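Please read the structure below before turning to the comments.
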Amino acid sequence: MEYNHKDIEAKWQQYWKDREIYKVNVDSSRPKFYVLDMFPYPSGAGLHVGHPLGYIASDIFARYKRLQGFNVLHPMGYDAYGLPAEQYAIQTGQHPEKTTSENIARYRSQLDKIGFCYDWSREVRTCDPKFYKWTQWAFQQMFNHYYDTAENRAMPIEKLIAHFEANGSQGVNAAQGKELDFTAEQWKQMTDKEKSDTLMNYRIAYLGHTMVNWCPKLGTVLANDEVSEGVSLRGGYPVEQKLMYQWCLRVSAYAERLLRGLDDIDWTDSLKETQRNWIGRSEGAEMRFKVAGSDVELEIFTTRADTIFGVTFMVLAPESAYVSQVTTPEQKQAVEDYLNEVKHKTERERMIDKKVTGVFTGSYAINPLTGKEIPIWVSDYVLAGYGTGAIMAVPAHDSRDYAFARKFDLPVIPLIEGADVSEQSFDAKSGKMINSCGPELDLNGSEVKDAIARTKQFISEKGIGKVKVNYRLRDAIFSRQRYWGEPFPVYYKDGIPHMLPANQLPLLLPEIDQYLPTEKGEPPLGRAKNWQTPEGYPLELNTMPGFAGSSAYYLRYMDPHNEEALVSPEANGYWRDVDLYIGGTEHATGHLIYSRFWNKFLYDLGKVVADEPFRKLVNQGMIQGRSNFVYRIKDTNTFVSAGLKDQYDVTPIHVDVNIVSNDILDTEAFRRWRPEFNTAEFILEDGKYVCGWAVEKMSKSMFNVVNPDDIVERYGADTLRLYEMFLGPLEQSKPWDTNGIDGVNRFLKKLWKLYADGVSDDPASAASLKTIHTLIKKVTSDIEHFSYNTSIAAFMICVNELTAQKCKSREVLEPLVIVLAPFAPHIAEELWHTALGHDTTVCDATWPAYDEAHLVEQEVTYPVSFNGKARFNLTVPAAMGKDDVIAAAMANEGAAKWLEGKQIVKTIFVPGKIVNIVVK
RNA sequence: GCGCACGUGGCGUAAUGGUAGCCGCGCCAGACUUAGGAUCUGGUGUCGAAAGACGUGGGGGUUCGAGUCCCCCCGUGCGCACCA
């Protein structure tokens, strides 16, 4: 009987579904294992063959762990809020909910065909009110907490209020926007609005005036990770900086814990490094510079306190509050002109032309160590959002300051011995200090490292400044001026934001007539009728960003139907954290930071038991497209084969990869493909039309999209699963090339044939036992290391050997089916039932142990080397000891030739591996 | 500029410091066949008739022995990027 993948796969998928084979429950008698995929955004294009790569990898691991006796949680859901559905809604008037659920249905049917072991009873959708109730709930908790820097955790805001009532801002230990200074008396006299504004400086979810990435084309603000090189990640539209009053999350309060937490989790070094870069910890000092003839003091941040004697000017960011304070009347016009010029440049323009620009404020600061007056400038190379938005410029040892000093002809004082600063700055962080002697501090002769430490100590003691750690990580901007997102559970009373009472959650997303901003420029929710509380207070018009719903979804899978809590303590206590998380690197600085932050916050509240959500993380590589080209001779409808194209003047044209096989074009299919080609003529080579190829992104416009449904239809899900894994190492990006799939398909057919006339109960031969135990050992270790491609090679070798051995023994074939089950579950289930005669699912089998006894060789063949060069092979009994093997090697007639007239220096013997004789 | 990966046949790739190229694609030859997108057998790094020599981006080093470890250079990919 032929291997009929269609019947087999349909049959067993139905069987698994009917019997709820993959449904899991808390079971404290068994160890748990949580395998998670990054849930997809259901786009209108459906799945292409690249999407399931990670899902197949995690499915194999989940099935493997189950066979090992673990209670495996392996859920799937949808990240359903997002821009594309809303953009589509704007164009068509179609409700995003409708588009989204249609796309989800399509995704589901595609996923179902691949034979995943998801527990679909736990499915979540971020746009489902039952789900986003808990997104809104978490936001309210963040509003009601501040980050206590003494306790190093989030604490209820009431504790902070009590502190203010007793002591004002004195001695407060809280992560904050800016340093405030008020007494208990002043606090008590504040109006409600003033109190609210003050508390916003501390809340973890807060309203703040911040510089945001504003994307006019999308009509919304974007988070830093949603912007790359000055354009939006979605759509590629220009982004500009704008000061807006927005909801923000105080992620920065968790910077140190997010950084430290990386040390204890099993992620790749490169991903950890990406997060470390993004968090960007730098140790330095904050220093105050008095402004001559004024009460104003400039506070600056520097990592190079040692260079204080080389400060020749100060620079303020254009947006800095200091600018208006220090600008003199004479310079007012020039400064305003400059600020206007800067403001009209987008982020992108600022990055493209790195022209050095700036303006003098007219004021001078006083160097606290030398007492010298130094000019204060404004320039856009200083960022408002980092440090204090003001710097001390040391042109001799910072290339940016150097460029500025040269442009505006400011002095450059070298501070490190041997530094030549006539052409460029000397940015090195080592060397001996010179020119660094003031009335109270002498750094001359010190190493840079020591000089930094001594200066920090000096300024701390003198009260000029203090040691400070700064992070690049900014607070997350949490408002979006869009429709298709979670509404904020917030209403406004006298301009003060209040949280809706818990019993009014979820606050449902209202219906609106058009998915556009209102005429007044309000977000789309401004169109909603009766968008107010029962008491008539207006509700918030912004919605939450995409990362809100994806930040805690892994917790919801643990207890998806709980109406009382995000997750019950029982469910959370059992499932704890994700043991294996598989997904793409593109989330390194977005989702994977926000999720960790969100989780740590819930951990502080005692709502979850694990401080880090994702214990082990594997990044699957991207599957790129492999495009094919035909070459049209200019101004003709004649196409020339790739090997001959250089003889003509040709235009390459993308051709649908589905009518190309092994780079050979199906010319008839090509004529039918598009009307303009139905009269196409071909210049062939060796009777064939050979196409060119290139690796590109998989996309419709390149005609290189391969749909998994087509592969499943033709070869079956098991072949698709095996081939995706066989393509190469999981972490590596690689192009999809359907050529080659025949190899794994052939393997399944051979396996099928091995079972064609049933299994026997006869004992297996030693050779067959060795074959199967070698396989079990190899596959077990490969799965643990996610080296699935080499496992599949091992399966092929195993089946070839068993076929050659004519092995029919149950003793061998049964473990073979079990270890194959994670990779090719349908054929394994079929063989398990029909050939091996079991009546329960193979999923409940037990992963076989391998027995080294079957792997022991009777004889070993050693390559005998002289000075590392292999000269002949020597076969000896495997049990033979070192000295006897070497004696046998020497006695071999071939050895005499190599030993002639030479002296043996030493012998090297690696059991089972090598015999090497070193001579001279 | 800084950081992190990576570089092996025509292609995808494999090699706890121990005979480089397993497995697969493709290709070549053959078998069975009355044509199939079927199956099976053998071959397939380069040069050479062969023996053999040469071969893992380039150069150096450690070692009896290096694709693998160390240093320098070149190239590709990714991340961050006026972060003081």
Side-chain angles (χ1 to χ4, degrees), chain A residues 2 228-229 268-278 280-282 284 300-304 307 315 317 350-351 354 356 379-383 385-394 397-401 403-404 427 470-474 585-586 588-589 619 621-622 626 661-664 693 714-715 722-723 726-729 731-747 749-750 753 781 787 789-797 800 803 861-873 905-910 912-920:
Chain A
E2 285 289 291
S228 181
E229 296 184 6
T268 60
D269 289 339
S270 70
L271 189 66
K272 286 187 187 180
E273 207 50 40
T274 300
Q275 288 213 343
R276 288 193 185 107
N277 270 339
W278 188 260
R281 183 182 202 274
S282 67
I300 59 95
F301 175 75
T302 181
T303 54
R304 291 293 301 276
T307 58
V315 189
R350 242 160 104 162
M351 284 165 73
K354 289 198 170 181
V356 179
S379 173
D380 66 358
Y381 83 88
V382 174
L383 302 175
Y386 185 76
T388 60
I391 62 155
M392 62 179 213
V394 186
H397 303 288
D398 182 287
S399 52
R400 296 152 301 179
D401 297 345
F404 196 83
D427 291 10
N470 249 320
Y471 300 91
R472 206 191 71 100
L473 183 73
R474 309 294 163 80
T585 11
E586 66 271 20
T589 54
N619 289 120
M622 259 204 305
R626 187 183 189 277
S661 172
N662 283 321
D663 293 336
I664 308 295
W693 62 275
R714 189 162 146 193
Y715 296 99
L722 287 176
Y723 189 54
F726 188 61
L727 228 39
E731 287 95 336
Q732 195 173 299
S733 285
K734 55 233 160 191
W736 177 269
D737 183 0
T738 307
N739 302 315
I741 198 167
D742 287 327
V744 290
N745 189 238
R746 233 166 254 159
F747 156 72
K749 288 181 191 163
K750 284 181 194 170
K753 205 181 275 180
S781 113
S787 180
N789 55 331
T790 55
S791 291
I792 292 163
F795 278 117
M796 291 177 176
I797 295 168
N800 284 341
T803 303
T861 299
Y862 289 94
V864 178
S865 310
F866 294 90
N867 292 346
K869 274 280 202 234
R871 298 303 178 181
F872 63 85
N873 287 334
V905 178
K906 67 171 165 173
T907 57
I908 290 136
F909 174 77
V910 182
K913 287 283 185 187
I914 198 131
V915 173
N916 188 20
I917 297 161
V918 184
V919 295
K920 83 173 175 203

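Every chain is numbered from 1 and lettered A, B, ... according to where its sequence line falls, protein lines coming before strand lines. Since the model is a prediction, treat every value here as computed from it, not as a measurement.
In this pair, A:Phe909 and A:Tyr862 present their aromatic rings tilted. The plane angle is within the 30 to 60° band. Taking the six-membered ring for Trp and thresholds of 30 and 60 degrees, A:Phe866 and A:Phe872 have ring planes inclined between 30 and 60 degrees apart.
In this structure, A:Lys753 and A:Asp269 both approach RNA chain B, and ranking their closest nucleotides by distance from the 5' end singles out A:Asp269. Toward the 5′ end of RNA chain B lies the nearest nucleotide of A:Leu271, the other residue of the pair A:Asp401 and A:Leu271 mapping further downstream.
The closest side-chain heavy-atom distance from A:Phe747 to A:Tyr723 is not below 4.5 Å.
Between B:C4, B:A84, B:G37, one nucleotide has an atom nearer to the side chain of A:Arg714 than all others, and that is B:G37. Ranking B:A14, B:C80, B:A84 by closeness to the A:Asn789 side chain, first place goes to B:A14. The side chain of A:Arg472 approaches B:A81 more closely than any other nucleotide in the set B:A81, B:U16, B:C40. The side chain of A:Glu273 approaches B:G3 more closely than any other nucleotide in the set B:C82, B:G3, B:U19. For A:Phe726, the listed nucleotide lying nearest its side chain is B:G12; candidates were B:G12, B:C4, B:C25. Considering only side-chain atoms of A:Val382, the nucleotide from B:A84, B:U39, B:U16 that sits closest is B:A84. Of the candidate nucleotides B:A15, B:C23, B:C80, B:A15 has the atom lying nearest to any side-chain atom of A:Thr790. With distances taken from any side-chain atom of A:Trp278 to the nucleotides B:A81, B:C25, B:G24, the minimum falls on B:A81.
Nucleotides B:C11 and B:U16, compared at atom C1', are 29 Å apart to the nearest Å. B:C6 and B:G61 are spaced 22 Å apart, taking the C1' atom of each and rounding to whole Å. Taking the C1' atoms as reference points, B:U76 lies 46 Å from B:A31, given to the whole Å. For B:G10 and B:C47, the P atoms lie 10 Å apart once the distance is rounded to whole Å. Rounded to whole Å, the P atom of B:G17 lies 41 Å from the corresponding atom of B:C82. Straight-line distance between the C1' atoms of B:G21 and B:C32: roughly 32 Å, to the nearest whole Å. With P as the reference atom, B:G67 and B:G55 are 10 Å apart, rounded to whole Å. Between the C1' atoms of B:G65 and B:C73, the separation comes to 26 Å (whole Å).
At the heavy-atom level, A:Arg626 lies nowhere under 4.0 Å from the strands shown. At a threshold of 4.0 angstrom between heavy atoms, the contacts of A:Pro729 are confined to the sugar-phosphate backbone, with no base atom among them. Within 4.0 Å (heavy atoms only), A:Arg276 reaches no atom of the nucleic acid at all. Contacts of A:Ile908 with the nucleic acid, taken as non-hydrogen atoms under 4.0 Å apart, include base atoms. Residue A:Ile797 is classed as a sugar-phosphate contact, given heavy-atom separations below 4.0 Å to backbone atoms only. When heavy atoms are screened at a 4.0 angstrom cut-off, A:Asn867 is found touching the sugar-phosphate backbone but no base atom. Across all strands shown, A:Lys272 has no heavy atoms under 4.0 Å from either base or sugar-phosphate atoms.
In this structure, B:C2 forms a base pair with B:G79, meeting either the Watson-Crick or the G-U wobble geometry with both donor-acceptor distances under 3.5 Å. Pair assignment for B:A35 gives none, since no Watson-Crick or G-U wobble pairing has each distance under 3.5 Å. Under the Watson-Crick and G-U wobble criteria, each requiring two contacts below 3.5 Å, nucleotide B:U41 is paired to B:A29. Under the Watson-Crick or G-U wobble criterion, with both distances below 3.5 Å, B:C23 is paired with B:G12. Base pairing of B:G65 is not made with any nucleotide, judged by Watson-Crick or G-U wobble geometry with both donor-acceptor distances under 3.5 Å. Remark: B:G7 base-pairs with B:C74; criterion is Watson-Crick or G-U wobble with both hydrogen-bond distances under 3.5 Å. Pairing partner, B:A49: none, since no Watson-Crick or wobble contact has both distances short of 3.5 Å.
Between the NZ atom of A:Lys750 and the C1' atom of B:U41 there is a distance of 12 Å, rounded to whole Å. Rounded to whole Å, atom P of B:G24 lies 6 Å from atom CG of A:Asn800. As a whole-Å value, the separation of A:Phe866 CZ from B:U19 P is 16 Å. Taking atom CD1 of residue A:Ile664 and atom P of nucleotide B:C11, one finds them 17 Å apart after rounding to whole Å. One can place CG of A:Asp398 at 13 Å from P of B:C82, the figure rounded to the nearest angstrom. In this structure, CE of A:Met796 is placed 14 Å from P of B:A14, rounded to the nearest angstrom. Atom pair A:Asn662:CG and B:G24:P shows a separation of 16 Å (rounding to whole Å applied). Regarding A:Asn277, its CG atom lies at a distance of 12 Å from the P atom of B:G79, rounded to whole Å.
Distances shown here put every side-chain N or O of A:Tyr381 at or beyond 4.0 Å from the OP1 or OP2 atom of B:A84. For the pair A:Arg746 and B:C25, the criterion of a side-chain N or O lying under 4.0 Å from OP1 or OP2 is met.
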*side chain to side chain contact (heavy atoms under 4.5 Å, CB included) between A:Ile391 and A:Tyr381: does it pass, once the steps are laid out?*
CA-CA 10 Å; A:Ile391 62 155; A:Tyr381 83 88; 3.8 Å; yes

*Step-by-step side chain to side chain contact (heavy atoms under 4.5 Å, CB included) determination, A:Trp736 to A:Leu727*: CA-CA 8 Å; A:Trp736 177 269; A:Leu727 228 39; 3.6 Å; yes

*Apply side chain to side chain contact (heavy atoms under 4.5 Å, CB included) to the pair A:Thr303 and A:Phe301, showing each step before the final yes or no.*
CA-CA 7 Å; A:Thr303 54; A:Phe301 175 75; 4.0 Å; yes

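Rounding to the nearest 0.5 Å places CG of A:Asn789 at 7.5 Å from NZ of A:Lys734. Between A:Met796 atom CE and A:Arg746 atom CZ the span is 10.0 Å, to the nearest 0.5 Å.
B:G57 adopts an anti glycosidic conformation, its chi angle falling more than 90° from 0.
Using modelled atom types and a 3.5 Å distance limit, the side chains of A:Thr738 and A:Tyr715 yield no donor-acceptor pair.
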